[in-house]
Each structure stands twice: as structure tokens, then as C-alpha cells.
Amino acid sequence: MELRAVDARLAAELDRIDRELAEADAYTQVRKFTVEVERRSGSGEVVASSTRDWDPRPVWLARTRQLAAERDRVVERIRRLPGFGHFLRPPSMPLLRQRLAGMPVVVVTSHGDRGDALLVPADPERPVRPVRLPDLRAVTVERSVARWYAAVAEATDPAVPFDRRAAAQEELHTILAWLWGAVAGPVLDLLAPVDDPPPRIWWCPVGALARLPLHAAGHHREPGGRRTVLDRAVSSWTPTLTSLAHAAADRPPRPAAATAAVVGVPTARDLPALSQVRAEVERVAALMPGSTVLTGAEVAADAVEDALREHPIAHFACHGEADAGVAAMLTSGLRLGAGGTLSPHRVGSYQLERAELAFLSACGSAETHPRFTDEPLHLAAAFQLAGFRGVIGTTWRTPDSARIAASFYAGLTDDGTRPPDTAAAARVLADTVRAVRDEFPATPTRWAGHLHVGLNRPL
């Protein structure tokens with residue numbers, strides 16, 4: 001955005017190359033597939049057909065190399081502009097610490113025989129503090145990830161008998177308790193003493209750990225809440241320190257009404273209908289007068305993009321479709337009307353200057369890709385890339401998604417009596433999720449799946 005103010009032509013050129021490069025890179029990962037073509041008569045009878053194999057990789061690999069070279073040339077031109085000598089270069093650690101002032105970050109990693117946490121203090125003058133985590137062995141983390149997702153699948157499948165679903169919920173509690181002992185407990189004992197007000201903390205897990213709910217770790221059926229993250233801290237996630245520093249960076253002031261683009265799609269092709277979408281959309285829109293509402297089976301991606309450019313807040317209530325393949329950035333996403341999909345690739349290509357907060361009430365919108373755990377390949381990250389400072393996402397759809405969304409916006413707007421306080425997004429989400437947890441402590445699938453990514457500022 002600063003570049004656009006200095007040289008709009010170069011900024012537009014870089015945006016174009018980045019969009020084309022993301023598409024080309026995705027196609028280089030697509031395997032060969034078969035194309036079948038039929039020619040029919042006016043009556044619908046097949047008069048000719050043909051079949052051929054198509055492998056897009058050779059063409060797109062060459063295109064990727066061409067675009068990468070073109071991008072390098074544009075970046076060098078940008079770096080010759082006054083004040084842009086370090087454009088797209090990683091910041092030095094002292095500069096990064098300055099940009100993260102006021103935000104304590106916990107970087108967590110696991111390896112062969114143990115894990116480690118690096119506590120990055122809010123005060124940039126204080127040194128980073130290492131914490132050894134002996135129970136966080138890499139093999140244990142990988143097994144816990146497999147156990148977690150197997151238990152979530154069983155616990156949320158209505159076709160599974162009740163006793164097995166109850167046992168799966170117990171398994172989730174066991175893993176949350178292990179996460180407390182292995183990671184969260186040792187960290188919070190240093191950062192968040194029991195009797196102090198809950199501090200803000202940003203979790204930055206590395207590798208397979210990014211697939212486990214550190215924000216929900218703890219012993220949730222113990223009285224007093226002394227051994228749970230939900231009761232001891234207000235949590236956010238960040239994929240990297242640099243992305244958090246970018247979210248915290250100052251932007252040119254732009255007048256923005258405290259309104260939202262509210263998108264609700266209750267049905268999508270052969271997926272089951274979402275019965276609570278209409279009520280969720282109506283409730284959210286009522287709390288923020290002046291919002292744009294797009295709902296029904298014919299919501300188009302172009303209309304969604306126009307609404308996102310108009311409003312600083314976005315709320316989506318729809319199906320989310322995850323793709324575990326390498327082309328997930330192109331093929332997964334939010335399901336819109338008429339069979340359309342708002343993919344991470346498409347969202348990430350937007351350059352939104354008014355964006356502040358997005359709430360993605362759809363399953364899997366903040367689930368880290370199972371094959372690329374070191375890359376933030378999910379919708380929440382794509383919305384950040386598009387310009388949203390903070391994003392609320394889910395790792396699965398819960399029966400309480402509509403309730404959590406309505407309660408969240410009610411807390412954000414004091415029941416609709418004032419404009420939304422976007423800076424309080426992480427705290428309000430924690431309060432909302434905690435209330436559901438207190439009502440249903442035995443059922444983690446109802447409350448452990450919502451998380452906040454990034455950092456929100458006031459509108």
C-alpha cells in the first residue's frame with residue numbers, strides 16, 4: 001500500500017505478477033488428467049467423442065520460471081526507489097522486535113528428542129527466552145495430530161453411535177491435557193501467573209504443531225480454570241513473526257464506516273443444507289447497520305469481492321471445502337452459489353485497502369494444510385494476504401457456529417448499541433468461546449475449533 005502511494009504503476013505490475021505466479025505455481029503441482037469431449041446433435045444425441053490426456057506441468061513450469069525472473073526485475077526496480085531499499089527483504093531481528101513491541105509471541109517447535117519454546121517478550125529491549133519442553137518429541141506430536149483428527153471426525157459424525165462419539169470427546173480431552181503439560185503450562189507459568197489478569201499472547205507453532213489447538217490446551221473440567229489457556233490468556237495465532245509485524249504496521253488513514261459484508265450460503269450443490277445460516281446472517285447484519293448482505297443459492301464471487309472492497313469487516317456463513325492435495329490453494333475454499341468456490345488463491349489476490357476483520361464461519365477455514373505444515377495454506381491466511389489484519393476461523397464446523405458468531409458480534413458492539421470495537425476481537429472471541437465451554441465442558445468439538453489469527457486495530 002505504501003508502494004502504491006509512491007509508484008502505482010510498479011505496484012500494479014508486481015500485483016499482476018504475483019497473481020499469475022501463484023496460479024502457475026499451483027498448476028505445476030497438478031498431475032496429468034484425462035479430458036473427455038463429446039459433440040451432440042440438436043436432439044442431445046452423442047455424435048462424436050474424443051479423449052486425450054493433458055499434463056499441464058511442462059507448460060506451467062516454464063511459465064513459473066519466466067514469471068519469477070520478471071518478478072526479480074520488478075523488485076529490483078522498486079528497491080531503487082527512495083526508501084524502498086529493503087523492499088521484500090526479511091527485516092533484521094532488531095527491527096522485527098521493534099515492530100512487535102507490545103506483543104508477546106511464543107514460537108514453539110518440536111524435533112527428535114524434545115521440543116522448545118522461544119518466548120519473545122513484548123518489550124523489545126528484553127532478550128528472547130528459551131524454554132525446554134522435554135515432552136514435546138516430534139514423533140509424539142505427529143501421533144497426537146493423527147489422534148486429534150481421528151477423534152474429531154468420529155465425535156462429529158452423527159452416524160457414529162453415541163458411546164463412540166463420547167469416547168472420542170474423551171480422547172480430545174486427553175490430548176488437550178497433554179498439550180497443557182507439554183507446551184502451554186510451562187509457557188504460561190512464565191508469562192501468565194494464575195492470579196494476574198489474562199495477558200494477550202500470540203502462538204507461533206512450527207511444523208506439525210500448527211495442526212494442534214494450543215489456544216484450547218488445558219484441563220477443562222477442573223474447577224477454577226487454573227490449568228487452561230482459555231482461562232489464563234487471550235490467544236491469537238500467527239504463522240510467522242513477520243506476518244504479525246505486517247499486521248501491526250501503520251497504514252494510511254482511510255475513512256471507513258463500521259459496517260460489514262455479510263455473506264450466507266445455506267446450500268451448495270450436493271452438500272447438506274446449513275439450517276442456521278439465515279438466522280446467523282440476519283443476527284450479524286442487525287448488529288451492524290449499513291452492512292451489505294449477500295445470501296442464497298446464487299451468491300456470485302464478483303459480488304462478494306465488491307462487498308469486501310466496500311466494508312472493513314467481512315462475515316461468511318457457508319460450507320468450507322478442504323482439499324488435502326497440492327492444489328489446495330486453487331481447489332478448496334468457501335462454497336458460494338451456483339457451484340462457485342472462493343478459493344484461497346482468489347482471495348489472496350485481492351488488494352483490500354479498507355479490510356480489518358474477517359470472521360469465517362465455515363469448517364476448515366483455519367486448518368493448516370496436512371502436507372505443508374510450514375506454509376499457512378488456509379483461508380484465514382489468504383484473507384490476511386488480501387489485507388485483513390485479523391481473521392477468525394475454525395478448524396471444523398460446530399453446531400454452535402451460529403451461536404458463537406452472534407455472541408461474538410454482540411460482544412463486539414455491546415448488543416448493537418455502538419460500532420464494533422475491532423481491536424477487542426481476540427478478547428471477545430475468548431469470552432464467547434469460554435462461555436460455550438462452561439456450558440458444555442465435556443464436548444471440546446463445540447468450542448475448541450475457533451481461533452483468532454493476526455492483530456486487529458480500532459476502526
Side-chain angles (χ1 to χ4, degrees), residues 90-111 114-124 126-133 136 138 141-142 144-145 179-180 182-192 198-218 229-230 232-249 365-370 372-385 388-393 395 425-426 429-430 448 450-456:
S92 65
M93 185 53 67
L95 178 59
L96 188 59
R97 292 292 308 277
Q98 288 295 331
R99 293 177 178 176
L100 294 172
M103 294 176 284
V105 184
V106 182
V107 181
V108 189
T109 183
S110 64
H111 34 91
R114 73 170 201 271
D116 292 280
L118 295 177
L119 311 187
V120 183
D123 181 355
R126 293 177 55 196
V128 173
R129 182 173 183 178
V131 178
R132 182 170 179 147
L133 303 172
L136 203 63
V141 170
E142 291 167 1
S144 296
V145 169
L179 272 176
W180 174 264
V183 186
V187 167
L188 292 189
D189 284 346
L190 294 171
L191 295 181
R200 288 283 280 113
I201 290 177
W202 280 262
W203 298 97
C204 183
V206 177
L209 274 167
R211 305 199 72 215
L212 291 172
L214 288 172
H215 62 283
V229 176
L230 269 175
R232 294 270 294 274
V234 175
S235 294
S236 294
W237 284 57
T238 183
T240 64
L241 298 181
T242 303
S243 66
L244 181 58
H246 179 72
S365 57
E367 180 183 352
T368 299
H369 194 284
F372 302 109
T373 53
D374 289 330
E375 299 288 340
L377 296 183
H378 49 60
L379 274 164
F383 272 81
Q384 275 199 303
L385 184 62
F388 288 90
R389 290 185 192 268
V391 184
I392 292 170
T395 49
L429 179 67
H450 285 78
L451 57 89
H452 177 266
V453 182
L455 168 73
N456 285 112

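If you're wondering where the values come from, they're calculated on a predicted model, not measured in any experiment.
- The side-chain hydrogen bond (donor to acceptor under 3.5 Å, both in side chains) check on Trp203 picks up Ser235, with sequence neighbours excluded.
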Contacts under 3.5 angstrom, residues 101-108 side chains, donor-acceptor by atom type, not counting sequence neighbours:
none

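- Between Asn456 and Arg389, some side-chain heavy-atom pair lies under the 4.5 Å cut-off.
- Gln384 and Gly454 make their closest contact through NE2-CA, 3.5 Å (heavy atoms, listed as atom of the first residue, atom of the second, distance).
- Contacts of Arg114 classified as salt bridge (Lys or Arg N to Asp or Glu O under 4.0 Å), with partners at least two apart in sequence or in another chain: Asp116.
- Val234 is not listed as a side-chain neighbour of His452, based on a closest heavy-atom distance of 4.5 Å or more.
- Expressed to the nearest 0.5 Å, how far CG of Leu429 lies from CD1 of Ile392 amounts to 4.5 Å.
- Side-chain contact between Pro239 and Val453: present, with at least one pair of heavy atoms (C-beta onward) separated by less than 4.5 Å.
- Ser144 contributes atom OG, which lies 12.5 Å from atom CZ of Arg211 (distance to the nearest 0.5 angstrom).
- In this structure the side chain of Pro205 never reaches within 4.5 angstrom of the side chain of Leu212, judged on heavy atoms.
- In this structure, the side chains of Trp202 and Val120 stay at 4.5 Å or more apart for every pair of heavy atoms.
- For the pair Leu209 and Leu136, the minimum side-chain heavy-atom distance is below 4.5 Å.
- One distance of note links CG of Leu191 with CD1 of Ile201; it measures 5.0 Å at 0.5 Å rounding.
- Side-chain contact between Pro186 and Leu133 is present, with at least one heavy-atom pair separated by less than 4.5 Å.
- Leu190 is linked by a side-chain contact (heavy atoms from CB on, under 4.5 Å) to Leu119, Arg129, Val131, counting only residues two or more places apart in sequence or in another chain.
- Annotation: salt bridge (charged side-chain N to carboxylate O under 4.0 Å, His left out) contacts involving residues 233-248, sequence neighbours excluded, are absent.
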Query - Residues Thr395, Leu451; criterion side-chain contact (heavy atoms from CB on, under 4.5 Å); working and verdict - result: CA-CA 8 Å; Thr395 49; Leu451 57 89; 4.2 Å; yes

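- In this structure, CG on Leu100 lies 9.5 Å from CG on Leu95, to the nearest 0.5 angstrom.
- The closest side-chain heavy-atom distance from Arg97 to Pro121 is below 4.5 Å.
- Every residue meeting the ring-ring contact (aromatic ring centres under 6.0 Å, His included) condition with His215, not counting sequence neighbours, appears here in chain and number order: Trp237.
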